[in-house]
Amino acid sequence: MPVARPEQQQPRVIAHVDMDCFYVQVEQRRNPALRGQPTAVVQYNDWKGGGLIAVSYEARGFGVKRSMRGDEAKRVCPGINLVQVPVARDKADLNLYRSAGSEVVAILASKGKCERASIDEVYLDLTDAAKEMLLQAPPDSPEEIFMEAAKSNILGLPSDASEKEKNVRAWLCRSDADYQDKLLACGAIIVAQLRVRVLEETQFTCSAGIAHNKMLAKLVSGMHKPAQQTVVPSSSVQDFLASLPVKKMKQLGGKLGSSLQDDLGVETIGDLLSFTKEKLQEQYGVNTGTWLWKIARGISGEEVEDRLLPKSHGCGKTFPGPKALKNSTSVKGWLDQLCDELSERIQSDLNQNKRIAQTLTLHARASKENERDLAKKFPSKSCPLRYGTGKIQEDAMKLFESGLQDFLESQNTGWIITSLSVTASKIFDIPSGTSSILRYIKGHSPAASPAIPDSSSVPEDPSLGDVP
DNA sequence: TTGGCTCACACT
DNA sequence: CAGTGTGAG
């Protein structure tokens with residue numbers, strides 16, 4: 001559930017940058033013949049043409065949606081190009097997109113605090129950079145600055161294309177006295193420049209929102225897509241939120257948003273204003289209640305984290321319907337594959353980023369054959385993570401067996417597994433300075449204290465070989 | 001077949 | 001702390 005954070009006293013300049021149909025762009029860069037064409041990226045072509053995970057804007061024009069299957073997309077857009085996600089170890093392999101995302105992050109991190117929010121989104125805190133610009137090149141004077149800012153859509157201003165530049169100019173001039181708007185304008189200029197750099201250096205376009213907090217920046221980053229940006233002046237916030245459907249707000253897309261509609265009759269964020277803080281707290285608890293009260297007023301103190309890398313690595317696969325796994329042998333086979341990929345990913349994280357993961361977690365979904373016990377869930381299990389593909393595979397299988405025992409509760413009915421995943425988490429930087437990474441591992445890694453009751457002491461796996 | 005595969009986070 | 005649930009894209 002969302003939680004309210006102590007608010008910011010000083011105005012910040014926050015940007016949310018969102019890559020346009022990112023997987024499609026990655027594939028278009030790889031195969032330029034796809035540029036400008038209706039294109040979608042699909043995974044697993046066998047069942048109904050595979051599921052779409054990204055759709056180009058040309059294809060969207062034909063009504064192609066992300067929730068469609070490949071077959072359906074072909075129906076509404078016969079000329080669509082369907083590109084398959086790469087497959088490795090018999091599963092979708094997203095590494096191509098992960099590394100493309102890293103290219104983008106590396107550029108966007110150059111102007112301020114940068115938080116990788118997902119494979120194709122980042123938040124930036126540009127407060128310092130914007131203040132700096134305001135001191136050195138106030139955006140009232142140089143014509144060039146206007147031209148840059150003119151690339152933005154300004155929320156609350158008419159965004160008639162031919163009038164856009166004039167509108168921006170009017171906004172900046174009118175706001176002579178408004179320091180906060182000027183900071184935002186500088187932020188918009190910086191973001192416009194960053195987006196140009198991203199395009200030049202990666203060939204990818206992106207869209208962005210610029211506002212005084214993360215919530216507002218995120219809300220508008222997708223408002224003008226593709227390859228555009230939108231600014232939220234404080235003066236336009238209340239009108240904007242007043243008519244915003246609750247479900248559009250981040251965190252309100254699910255059950256909480258439904259509850260607001262069904263239980264309180266709240267249809268827009270503006271509707272929230274008629275409830276007292278106390279009423280909202282009574283309904284949803286003190287944390288969520290105050291959070292709701294604040295967002296209705298455009299207040300969000302959430303900070304941009306300084307983090308360019310993910311906090312966990314996971315590999316998973318589903319086995320729907322007839323593909324369900326029915327015995328330990330097939331589970332072991334798939335688990336080995338998933339662990340192989342996971343091992344490779346954490347190993348490269350260690351080599352490239354000097355980070356080490358401490359926990360291995362196994363998730364599964366299961367049903368019991370013939371029986372009506374659909375409610376019962378397969379429990380997640382975790383243990384200290386030992387590096388080395390063989391060890392991870394071994395530990396993951398032990399976690400599975402342990403979870404299966406709990407799941408079956410000593411009954412001996414048949415079972416089927418419909419999804420499996422392994423995750424490496426609790427990732428820490430290895431203290432730099434001493435080059436003795438291996439000694440660090442010896443002293444601090446779980447390898448020194450295996451949590452899995454280890455009956456079969458395993459021969460040493462030399463897979464740390466490429467660490468200096 | 002609740003689109004698949006990832007991620008993050010709050011709660012207990 | 002390990003494990004559960006929600007939510008996002």
Side-chain angles (χ1 to χ4, degrees), chain A residues 1-5 16 18-23 40-55 65-73 84-88 91-95 97-98 101 115-123 218-219 221-222 247-259 284-288 291 302 305 307 309-324 338 341-342 345 358-365 367 374 376-384 399 402-403 406 416 418-427 451:
Chain A
M1 262 174 156
V3 80
R5 294 226 137 52
H16 179 256
D18 192 12
M19 304 307 293
D20 304 321
C21 55
F22 187 48
Y23 292 14
V41 174
V42 300
Q43 52 189 3
Y44 303 123
N45 220 330
D46 53 333
W47 194 66
K48 295 190 176 180
L52 272 52
I53 57 175
V55 180
K65 298 276 201 320
R66 237 185 60 143
S67 60
M68 287 178 174
R69 297 283 175 179
D71 293 352
E72 225 180 328
Q84 281 184 254
V85 171
V87 171
K91 67 177 286 298
D93 179 0
L94 304 183
N95 282 327
Y97 312 115
R98 285 192 188 96
E115 173 182 336
R116 190 201 112 122
S118 78
I119 198 168
D120 68 344
E121 287 172 89
V122 310
Y123 289 96
K218 163 84 179 169
L219 270 176
S221 65
K247 293 270 179 187
K248 300 275 192 188
M249 176 73 65
K250 191 182 165 203
Q251 301 293 338
L252 297 184
K255 297 183 178 183
L256 181 54
S258 297
S259 167
Y284 295 108
V286 46
N287 279 334
T288 301
W291 179 80
E302 198 186 346
E305 303 288 322
R307 183 174 54 78
L309 299 170
K311 299 175 115 172
S312 66
H313 300 287
C315 307
K317 183 168 175 58
T318 58
F319 307 96
K323 294 209 164 85
L338 293 170
E341 182 189 328
L342 184 64
R345 283 169 58 190
Q358 301 236 14
T359 302
L360 175 69
T361 305
L362 175 125
H363 301 270
R365 288 181 43 129
S367 304
L374 214 103
K376 181 137 177 84
K377 308 230 185 238
F378 194 101
S380 299
K381 296 286 173 186
S382 52
C383 71
L399 291 175
S402 160
D406 293 0
I416 61 172
T418 57
S419 91
L420 281 177
S421 77
V422 286
T423 301
S425 62
K426 298 195 169 67
I427 303 178

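The figures here come from the full heavy-atom set of this structure, side chains too, leaving out hydrogens, waters and symmetry mates. Convention: sequence-line order gives letters A, B, ...; per-chain numbering from 1.
- A:Lys247 and A:Ser258 share a donor-acceptor pair across their side chains, judged by distance under 3.5 Å alone.
- Checking A:Val3 against A:Cys315, the closest nucleotide of DNA chain B that is more toward the 5' end is the one next to A:Cys315.
- The side chain of A:Gln43 sits closest to B:dC5 out of B:dC5, C:dG9, B:dA10.
- Salt bridge status for A:Lys218 with A:Glu121: present, with a side-chain N to carboxylate O gap under 4.0 Å.
- When the P atom of B:dG3 is taken as reference, atom CD of A:Glu72 falls 12 Å away, rounded to whole Å.
- Nearest-nucleotide positions on DNA chain B place A:Ser67 closer to the 5' end than the other of A:Gly314 and A:Ser67.
- What separates CZ of A:Phe378 from P of C:dG5 is a distance of 14 Å, to the nearest Å.
- Side-chain atoms of A:Ser382 lie closest to C:dG3 of the nucleotides B:dC5, C:dG3, B:dT1.
- Screening A:Thr423, A:Val422, A:Leu342 for a side-chain contact (heavy atoms from CB on, under 4.5 Å) with A:His313, the sole residue that qualifies is A:Leu342.
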How far apart are the C-alpha atoms of A:Leu219 and A:Lys250, what are their side-chain angles, what is the distance that settles it, and do they pass the side chain to side chain contact (heavy atoms under 4.5 Å, CB included) test?
-> CA-CA 8 Å; A:Leu219 270 176; A:Lys250 191 182 165 203; over 6 Å; no
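- Between the CG atom of A:Asn287 and the P atom of C:dT6 there is a distance of 17 Å, given to the nearest Å.
- For A:Pro379, the listed nucleotide lying nearest its side chain is C:dT4; candidates were C:dT4, C:dG5, B:dC7.
- Among the nucleotides C:dG9, C:dG7, C:dT4, the one closest to the side chain of A:Ser380 is C:dT4.
- Note: NE2 (A:His16) to P (B:dA8) measures 14 Å, nearest angstrom.
- Look at CD on A:Glu121: it is 14 Å from P on B:dC7, rounded to the nearest Å.
- Checked against B:dC5, C:dT6, B:dC7, the side chain of A:Ala92 finds its nearest nucleotide in B:dC5.
- Here B:dC5 presents its C1' atom at 12 Å from OH of A:Tyr97, a figure rounded to the nearest Å.
- C:dG9 sits 28 Å from B:dT1 when the P atoms are compared, rounded to a whole Å.
- Distances from the side chain of A:Lys255 to the nucleotides C:dG7, C:dG5, B:dC5 place C:dG7 closest.
- Classified by interplanar angle (parallel below 30°, tilted 30° to 60°, perpendicular above 60°), the ring pair A:Tyr23/A:Tyr97 is parallel.
- Rounded to whole Å, atom C1' of B:dG3 lies 4 Å from atom CZ of A:Arg69.
- The side chain of A:Arg345 lies closest to B:dT6, out of B:dT1, B:dT6, B:dA8.
- Looking at the side chain of A:Lys381, the nearest of the listed nucleotides C:dA8, B:dG4, C:dG3 is C:dG3.
- Rounded to an integer number of Å, the gap from CZ of A:Arg98 to C1' of B:dC7 is 10 Å.
- With B:dC5, B:dA8, C:dG9 as the candidates, the nucleotide lying closest to the side chain of A:Lys218 is C:dG9.
- Side-chain atoms of A:Gln251 lie closest to C:dG7 of the nucleotides C:dG3, B:dT6, C:dG7.
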